[in-house]
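Sequence positions, counted from 1, serve as the residue numbers for this chain. These numbers come from a predicted model, not from an experiment.
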Amino acid sequence: MKNKIGIVGLGLIGASMLKDLSEFDIELFAVSKSQETLDKAKQYTQNVSLALETLQDCDIVFVCTPMNKVQEILDDLEYVLPEESIVCDVCSLKRFLLHKKRNYKFISTHPMAGTENNGFDNAVSGLFECAKWVMTPGEDTSTEDIAFVTKVIKTLGAKPVLTTPEEHDRAVALISHMPMVVAQALFKTAQSNDLALELASSGFRDMTRLALSNEEMASDMVELNADYIQEAVLGLYASIGELLKENYKQQISDIKYYRQDMYLDGKNIL
Ligand code: NAP
């Protein structure tokens, strides 16, 4: 494998990648916004910098900053990288990224792994093990470049899934963004009843875990995927109506049948 990999933004995703990739014979380069974070990153690589210029020899660079910073960094990387370099983002949304012609090769990606915590100190070794990792290559992306990104993704233990930005954003609205808004709304609703909050136990805790999501990322998702989130919420209303209308017991028995075979040891096996 070509062996110079750069990471911009050492938070949950970027630092988790850094930790895992440092186990392999790969030369790693890391850029982040704060010197404090870079000092912590030195246990994994000495090639750390506040400046993107340090990435100039990288074969591939992953941009792992918050979504609202990514476009600017993709623009700035044009002054740094040679045309044979590949750049990937890891954003939770795909449509909002402008697919303009770049001086380097760009492949948009999204690892389907994470936690509600952010920042370097919350990085997790093995975070991507058995996770799906979406790639939305452009029409002009070569099979060789897809194969290279696939190799890095597989090195992290993840499984690549190829799709389009539209299909991706519609799917993640259903399984991630709408459930997050529902968890937040559920908590907000229960807050009007002090006794309910006092009595709440594990069911309520599990159902509202996504209400702990990082605010910056949640705001970006709700703003940038509003149309598909609305579509998903309408679908949810319709499903509640269908469930409660008739044959409730049979319907939930079918749901339980599919749901119980979907995960093994906490990992999606579909
Ligand atoms: P995060 O923990 O907040 O980390 C982002 C890091 O980027 C910050 O800790 C900051 O590091 C650094 N940063 C901010 N602005 C920068 C800049 N201008 N230049 C260089 N570094 C900068 O966020 P995250 O959860 O890892 O999310 C990062 C990306 O992954 C987002 O695009 C998100 O959509 C995507 N994603 C997140 C999850 C998830 O569950 N969290 C899952 C899949 C994909 P300093 O410490 O140096 O300030």
Side-chain angles (χ1 to χ4, degrees), residues 1-82 84-93 97 102-111 113-129 131 133 148-149 151-153 155-158 212-220:
M1 173 152 94
K2 300 175 197 174
N3 66 355
K4 289 186 180 170
I5 299 182
I7 299 171
V8 184
L10 297 178
L12 171 70
I13 298 297
S16 297
M17 290 180 68
L18 180 72
K19 273 187 179 186
D20 286 355
L21 289 172
S22 70
E23 303 283 323
F24 296 87
D25 181 23
I26 295 170
E27 208 176 339
L28 292 167
F29 296 77
V31 172
S32 210
K33 200 175 64 171
S34 86
Q35 188 57 48
E36 197 189 339
T37 297
L38 292 175
D39 289 341
K40 292 179 200 165
K42 282 183 186 159
Q43 59 188 300
Y44 302 107
T45 175
Q46 288 303 305
N47 306 318
V48 300
S49 175
L50 293 166
L52 292 173
E53 283 68 23
T54 198
L55 305 170
Q56 62 188 357
D57 293 328
C58 286
D59 300 303
I60 187 165
V61 173
F62 287 85
V63 179
C64 305
T65 61
M67 284 197 282
N68 55 28
K69 308 278 176 358
V70 170
Q71 202 76 57
E72 186 186 327
I73 290 168
L74 292 180
D75 289 345
D76 291 347
L77 283 172
E78 296 213 43
Y79 299 100
V80 173
L81 295 172
E84 61 273 17
S85 294
I86 298 175
V87 176
C88 296
D89 71 294
V90 294
C91 289
S92 309
L93 284 167
L97 283 173
R102 297 285 182 189
N103 292 352
Y104 46 73
K105 298 182 272 190
F106 176 64
I107 303 182
S108 198
T109 81
H110 177 203
T115 70
E116 60 273 20
N117 302 316
N118 64 326
F120 187 94
D121 293 338
N122 287 305
V124 180
S125 293
L127 180 68
F128 309 105
E129 199 62 47
W133 195 309
F148 180 36
V149 178
K151 205 160 186 177
V152 178
I153 289 172
T155 300
L156 288 162
L212 301 172
S213 298
N214 161 3
E215 295 93 321
E216 186 174 14
M217 196 173 70
S219 309
D220 285 346

| field | Verdict with reasoning, Asp39 to Gln35, per side chain to side chain contact (heavy atoms under 4.5 Å, CB included) | value | CA-CA 6 Å; Asp39 289 341; Gln35 188 57 48; 3.0 Å; yes

Between the side chain of [X] and the main-chain N/O of [Y], is any donor-acceptor distance below 3.5 Å?
X	Y	value
Asn103	Glu78	yes
Ser32	Leu10	yes
Ser213	Glu116	no
Ser16	Val124	yes
Thr54	Ala51	no

| message | Within the 4.5 Å heavy-atom criterion, are Glu216 and Asn68 side-chain neighbours or not? | response | yes

| Under the side chain to side chain contact (heavy atoms under 4.5 Å, CB included) criterion, do Lys19 and Leu127 qualify, and how do the steps go? | CA-CA 10 Å; Lys19 273 187 179 186; Leu127 180 68; over 6 Å; no

Measuring from [X]:[atom1] to [Y]:[atom2], what's the distance to the nearest 0.5 Å?
X	Y	atom1	atom2	answer
Ile26	Ile60	CD1	CD1	10.0 Å
Tyr44	Leu21	OH	CG	12.0 Å
Asp76	Glu53	CG	CD	8.5 Å
Cys91	Met217	SG	CE	10.5 Å
Leu52	Cys58	CG	SG	10.5 Å
Ile73	Asp89	CD1	CG	11.0 Å

| message | If you apply the rule side chain to side chain contact (heavy atoms under 4.5 Å, CB included), what do you find for Leu77 with Val63, and how did you get there? | response | CA-CA 10 Å; Leu77 283 172; Val63 179; 3.8 Å; yes

| message | Side chains of Gln71 and Asp75 only: does a donor on one sit below 3.5 Å from an acceptor on the other? | response |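 There is no such pair (donor and acceptor under 3.5 Å, judged by atom type) between the side chains of Gln71 and Asp75.
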
| field | Set of residues satisfying ring pair (Phe, Tyr, Trp, His ring centres under 6.0 Å) with respect to Phe62, sequence neighbours excluded | value | none

Looking only at heavy atoms, what is the nearest atom pair of [X] and [Y], with distance?
X	Y	result
Asn47	Leu28	ND2-O, 3.0 Å
Tyr104	Leu74	OH-O, 2.6 Å
Ala30	Thr45	CB-CG2, 4.4 Å
Ile13	Phe128	O-CZ, 3.9 Å
Ser92	Met67	N-SD, 3.8 Å
Val90	His110	O-CD2, 3.8 Å

| query | Tell me the side chain to side chain donor-acceptor pair (under 3.5 Å) pairs involving residues 117-128, sequence neighbours left out? | reply |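 Sorted pair list: Lys40-Asp121.
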
| message | If you count heavy atoms of other groups shown closer than 6.0 angstrom to CD of Glu36, is the number above 12? | response |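 Counting neighbours around CD of Glu36, 12 or fewer heavy atoms of other residues, nucleotides or ligands fall under 6.0 Å, so no.
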
